[in-house]
Every structure is written in structure tokens, then in C-alpha cells.
Amino acid sequence: MYRVFAEARSSATSPPWSRTVIGSPRDHCGAFAANAQVKDCRWPLIEQVRRLSMRVKDLSKSDRPRERLMSSGAAALADRELLAVLLGSGFRGVSALDLASQVIEHCGDLDALSRSDPHRLLALPGIGPAKAARVTAAFHLVRRAQESPERERITSTSDLAHVCAPLLRHRAHERLVLVVCDTGGRVLKRTVLTEGSSDHTAMPIRQVITEVLTSGGAVFGLAHNHPGGSLEPSLEDLEATIRIAEAADTVGLRLVDHVIITDGAWRRIPA
């Protein structure tokens, strides 16, 4: 027969685990089993807390909003992921993604958030003046962009000549002008790419393609002037136009046209 001996200290002042228990092997096995069950019950809770407190930087790079935006584009991200990029960070125990969800829920939806006063956002834990100002400024920029005048569109060669003419007429030297457009023909960028002598300017094909791609364009047009007044394309003009059209095609871009512009007229260069 086995007996249970307690320590000399009073059981009233000693915690249960401070007592020495001597019992049967069955009692010990039962105690071990009970301990194992307690541990087994604790692990799911610990894992749940760990997941809840996971930071964005603990995610794999392919799952982080900022990295996904850079690799796949903003359109690939959910609303809360885009907002998390704006917020930049969460706060203790709350990731930027979780904080973004809380902000949207606090305002009701994304539309309400876009019209929210920054002081309303300050009511949320983890949102300070910097984060509130950043979110408000971003949505205000969107409103300004939507309220701006309609962009010029290029749907024909004459549209291209009209857009480029102010940068090419009444010039003493030849210039090359690049116009970058989106898929709908809206002008995204218009710039003087090169400026040369009175009868020549460079056609940097690699620079043209790079400029279109980095500007987010899908369609582009080129124009250069002939200060002498001739609308006749040179052999170099013809060859350069063919080469630029081929280069654009290899990267999925489209050349609208290449035109020669003088002080009083313009002419298309066939590709």
C-alpha cells in the first residue's frame, strides 16, 4: 500500500505544486497524463495568440503588401492591403494589415473613409497625427485628380500633330518629341526627348521604349520638326520609324505614328 506524505509546511500557505506526492505508479501516470492534457490544451491558444500578433514583416516577402504592390501592381491588392501600405506600420500587437481593417471598419466602408476627417481617425488606437494626415492627403489627391480637366486624347495622326506642334514650330534646331498615352489614348506625358542641329536629331530607340514603360504607357507617338520647312522624310527618318515600331512590338507597346512638323504643316512617316 502506498501513502501520501505532505511537506512540513502548512497546506494553507503552500501552493499545491510545493508538496511532495508519493503515490502509486497509477497515480503518477494519471498526473503525467493530466499535465499532458493541460499542455495540449494550451498549445492551440498559444498558437492563436502568436498568429494574432504576427507583424507584416513576419510574413513571407511574397505576401507583404508593399512587395506585392511592387511586383504585381496596385490592382492586385485588396483595399486593406493598399491602406496598410499607406499606414506603413501597426502598433504593439497589431499589424499594419489588422490596423487597416480596423480603420475601414471604424469608418464603415472605403467610401466613408475617403471622406473622413483626420480627427475622426485619431480616435482609433495606433492612429496618430502622421498616419491620419497621410491617409487624408492620399484620398484628397485622388479627388483632385478626378476633378482635373479631361486629358487630351490621341486617336489619330492629326491629334498627334496637334499635341506636338507647340513644342516644334518656330524652332532653329531639330527636336524629337515623345507623347505617351494609356490604352484609351489619353495623354500621360509629353516631352522633348532630344534636341540636335538644324538638320538632324538623334532617335534613341532604347530611351524611347524605356520612357514609355516607366510612364505607364501602352501607346505612344513621335514627332520631330524640320526647321528648313521640308516635309520630305529622310532615309534615316524612314529607317528609324521602322526600327522603333519593331522595338515597340517586342515589348507589347504600340506606335501610333511618327510625324514631321514644320511651321505651317505636318506629314506622316510610314512605318
Side-chain angles (χ1 to χ4, degrees), residues 55-57 59-91 94-155 159-160 162-164 166-167 177-193 209-221 251-254 256:
R55 299 165 298 179
V56 170
K57 69 179 183 179
L59 299 171
S60 65
K61 285 190 175 181
S62 61
D63 290 331
R64 297 176 193 171
R66 184 171 59 190
E67 282 74 6
R68 286 187 59 218
L69 187 148
M70 296 301 294
S71 63
S72 305
L77 273 64
D79 293 344
R80 74 176 195 134
E81 291 176 307
L82 290 170
L83 183 56
V85 174
L86 263 182
L87 294 173
S89 64
F91 65 105
V94 178
S95 71
L97 279 169
D98 292 332
L99 181 58
S101 297
Q102 292 174 18
V103 170
I104 295 173
E105 184 178 355
H106 174 72
C107 293
D109 56 29
L110 196 62
D111 181 62
L113 172 59
S114 71
R115 294 178 281 102
S116 181
D117 185 271
H119 296 285
R120 182 183 179 188
L121 302 181
L122 292 176
L124 276 170
I127 299 294
K131 285 186 172 71
R134 197 155 55 231
V135 171
T136 303
F139 281 112
H140 193 74
L141 280 173
V142 171
R143 282 196 294 275
R144 285 190 180 182
Q146 292 172 342
E147 293 167 0
S148 63
E150 180 68 20
R151 290 178 179 270
E152 292 179 286
R153 286 178 182 267
I154 291 180
T155 58
D159 290 339
L160 176 62
H162 174 75
V163 168
C164 295
L167 297 176
V177 172
L178 168 68
V179 180
V180 182
C181 305
D182 63 14
T183 53
R186 286 183 294 270
V187 176
L188 302 177
K189 186 174 186 178
R190 181 182 63 169
T191 183
V192 177
L193 211 57
I209 298 300
T210 301
E211 192 76 23
V212 177
L213 291 173
T214 55
S215 299
V219 180
F220 68 99
V251 294
L253 300 176
R254 182 171 67 85
V256 175

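We use all heavy atoms of the structure for the numbers below, so side chains are in, but hydrogens, waters and symmetry mates are not.
To the nearest 0.5 angstrom, His106 atom NE2 is 11.0 Å from Leu99 atom CG. Distance check, rounded to the nearest 0.5 Å: OG of Ser116 to CG of Leu113 gives 6.0 Å. Rounding to the nearest 0.5 angstrom, the gap separating the CG atom in Asp159 from the SG atom in Cys181 is 9.5 Å. The structure places CD of Glu81 at 13.5 Å from CZ of Arg64, a figure rounded to the nearest 0.5 Å. Of the inter-residue distances, the one linking Asp182 atom CG with Ser215 atom OG reads 12.0 Å to the nearest 0.5 angstrom. To the nearest 0.5 Å, atom CG of residue Leu110 and atom CG of residue Asp79 are 4.5 Å apart.
Of all non-hydrogen atoms in Val179 and Cys164, the two that sit nearest each other are CG2-SG, 3.4 Å. Among all heavy-atom pairs drawn from Ala112 and Cys107, the shortest one is CB-O, 3.2 Å. The minimum heavy-atom distance between Ala100 and Leu83, with the atom names listed, is O-CD2, 3.5 Å.
Applying the 6.0 Å contact sphere to CZ of Arg66 captures no more than 12 heavy atoms from other residues, nucleotides or ligands.
With contacts defined as side-chain heavy-atom distances shorter than 4.5 Å, the pair Val212/Lys189 does not qualify.
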I'd like a table of donor-acceptor pairs (distance under 3.5 Å, sequence neighbours excluded) in which one partner is a side-chain atom from residues 123-142, with atom names and distances.
unit_1: Lys131; atom_1: NZ; unit_2: Ser89; atom_2: OG; d: 3.2
unit_1: Arg134; atom_1: NE; unit_2: Leu86; atom_2: O; d: 2.7
unit_1: Arg134; atom_1: NH2; unit_2: Leu87; atom_2: O; d: 2.6
unit_1: Thr136; atom_1: OG1; unit_2: Ala132; atom_2: O; d: 2.9
unit_1: His140; atom_1: ND1; unit_2: Arg143; atom_2: NH2; d: 3.3
unit_1: His140; atom_1: NE2; unit_2: Arg144; atom_2: NE; d: 3.3

For residues 69-77, tabulate all N or O donor-acceptor pairs below 3.5 Å that involve a side-chain atom, not counting sequence neighbours.
unit_1: Ser71; atom_1: OG; unit_2: Glu67; atom_2: O; d: 3.1
unit_1: Ser71; atom_1: OG; unit_2: Arg68; atom_2: O; d: 3.3

